[in-house]
J.: 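Take a look at this one; I'll ask things after.
In what follows, chains are A, B, ... by sequence order, proteins preceding strands, each numbered from 1.
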Amino acid sequence: MPELPEVETVANGVDARIRGDYIEEVWFSSKREPMNTPPAAMAKALTGRTIERVRRVGKHIVFDFAPDAKSDPVQWIVHLGMTGRLLVADPAVPRPLHTHGVLVLRSGRELRFVDARRFGRMGIYLVEDTKEEAADLRGFQGPGTEPLRISRADFRKLFHGRRTSIKAALLNQSLLHGVGNIYADESLFRAKIRPRRMASRLTTRELDRLHGAVQTVLREAIRLGGSSVSDYVDAAGERGFFQLRHYVYMRTSQPCLVCGTAIRRTVVAGRGTHYCPVCQR
DNA sequence: CATGTTTCCTGACAGC
DNA sequence: TGCTGTCAGGAAACAT
């Protein structure tokens, strides 16, 4: 599923392919449940714009457009949910099943939004502030911090007094943006912490290990193009490689790569959770 | 307010 | 073979 590294890979891939391109025509399926904009209004808002940049903010993909004297400055925000894909494709290639949106581009290519399970969301947001950092945090993105930018001290504070499992806290997007089920499990393994431990009971030393582990895991995953466990592919339809580096995620009953003990699976915070009972305390 | 639970949705897969 | 049932999960909505 798309988490921070996958979303970053998709955003970078889309950016590399269609930056500077012009949106000639837009279609959205009426089945699509938009984040904040009805399909027809979203199509109207996008048609005739020039794509200036595509980037990741949290688990969202943000499309910035070149200034346009005729209309208000807006951003198009896409969240891939579980199975959402953004694909840059040749129009001659048949549109896949569950294609819910298509942007026809002047370069002759199409940007397609494909989403089997329809957990993805998208919408148009006004850019209220010309400052980029401020724009990042308005409208579509709630409170919370980028895990790759947070300091050790601020990371400790996030979990202070949280009477919930550390796994639930890591998944909570109003604390940290972009960590999902795969990277929560992988980070906790590398920090040697059991997913069910209460966040407020972790020692400073453990929180510092976790801070380092989260950043290392996310950076490494970005470098390898994300994890392709089931559905995930990048903007060109290619799979990532980080699933080959997983220590615990979807490795139930297989030997721990560090100590050889069988990896266990339980449910924590309503999510399938994988850990090594020996390495993680 | 903080935290836990349910819901949305379809493909994949187990079992009969 | 083909049917039915179960599971996967991000995040909003709802309940405690």
J.: Under 4.0 Å: is that the gap between some side-chain N or O of His98(A) and OP1 or OP2 of dG11(B)?
T.: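 Answer is yes, contact under 4.0 Å.
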J.: Closest to the Phe119(A) side chain: dT10(B), dT3(B), dG9(C)?
T.: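 Taking heavy atoms from C-beta onward, the closest nucleotide is dG9(C).
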J.: Aromatic rings His79(A) and His60(A): how do their planes relate, parallel, tilted or perpendicular, breaks at 30° and 60°?
T.: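 Ring orientation of His79(A) relative to His60(A): perpendicular.
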J.: OP1, OP2 of dC8(B) versus side-chain N and O of Arg117(A): anything below 4.0 Å?
T.: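 Checking dC8(B) against Arg117(A), no side-chain N or O comes under 4.0 Å of OP1 or OP2.
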J.: CZ of Phe159(A) versus P of dA2(B): gap in Å, rounded?
T.: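 Between P of dA2(B) and CZ of Phe159(A): 15 Å.
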J.: Nearest whole Å is fine: how far is dA8(C) P from Leu171(A) CG?
T.: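 For the pair Leu171(A) CG and dA8(C) P, the rounded distance is 15 Å.
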J.: Can a side chain N or O of Arg163(A) be found less than 4.0 Å away from OP1 or OP2 on dT3(B)?
T.: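 No, Arg163(A) has no side-chain N/O under 4.0 Å of OP1/OP2 on dT3(B).
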J.: Hydrogens and angles aside, do Ser107(A) and Asp21(A) bring a side-chain donor and acceptor to less than 3.5 Å of each other?
T.: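 The criterion, which ignores hydrogens and geometry beyond distance, is satisfied for Asp21(A) and Ser107(A).
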J.: To the side chain of Asn181(A), which of dA11(C), dG9(C), dG11(B) is closest?
T.: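 Of the options given, the side chain of Asn181(A) lies nearest dG9(C).
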J.: Report which part of the nucleic acid Tyr249(A) touches: base, sugar-phosphate, or nothing (heavy-atom distance under 4.0 Å, all strands).
T.: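 The residue Tyr249(A) makes sugar-phosphate contact but no base contact.
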J.: Hey, does the side chain of Thr164(A) come within less than 4.0 Å of dA2(B)'s phosphate (OP1/OP2), counting only N and O?
T.: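 Result: no.
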J.: Which whole-number value in Å describes the distance from Leu175(A) CG to dT3(B) P?
T.: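 Rounded to whole Å, this separation is 9 Å.
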J.: Pick the nucleotide of DNA chain B nearest each of Ala116(A) and Gly161(A); which residue has the one closer to the 5' end?
T.: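 The residue mapped nearer the 5' terminus is Gly161(A).
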J.: Provide, to the nearest angstrom, the distance between the NE2 atom belonging to His160(A) and the P atom belonging to dC1(B).
T.: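 The distance from NE2 of His160(A) to P of dC1(B) comes to 19 Å, rounded to the nearest Å.
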J.: Report which part of the nucleic acid Gly270(A) touches: base, sugar-phosphate, or nothing (heavy-atom distance under 4.0 Å, all strands).
T.: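 Answer is nothing: Gly270(A) stays at 4.0 Å or more from every strand.
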J.: Return whichever of Ser165(A) or Arg271(A) has its heavy-atom-nearest nucleotide of DNA chain B closer to the 5' end.
T.: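 Its nucleotide being nearer the 5' end, the pick is Ser165(A).
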J.: At what distance, to the nearest 0.5 angstrom, does OG1 of Thr216(A) lie from CZ of Arg190(A)?
T.: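 Thr216(A) OG1 to Arg190(A) CZ: 8.5 Å, rounded to 0.5 Å.
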J.: Between atom CG in Asp115(A) and atom P in dG10(C), what is the gap in whole Å?
T.: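 After rounding, the gap between these two atoms is 13 Å.
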J.: Heavy-atom count around Glu25(A) CD within 6.0 Å, excluding the residue itself: above 12?
T.: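 No, not enclosed.
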J.: Once you round it to whole Å, what is the distance between C1' of dG10(C) and CG of Leu4(A)?
T.: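 Between C1' of dG10(C) and CG of Leu4(A): 14 Å.
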J.: Using whole Å, what does the distance between atom P of nucleotide dT10(B) and atom CZ of Arg85(A) come to?
T.: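 After rounding, the reported distance stands at 16 Å.
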J.: Looking at NE2 of His274(A) and NE2 of His246(A), how far apart are the two atoms once the value is rounded to the nearest 0.5 Å?
T.: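 Rounded to the nearest 0.5 Å, the NE2-NE2 separation comes out at 10.5 Å.
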J.: Take atom CZ of Arg118(A) and atom P of dA11(C), then tell me their distance rounded to the nearest Å.
T.: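 Spelled out: CZ on Arg118(A) to P on dA11(C) is 19 Å.
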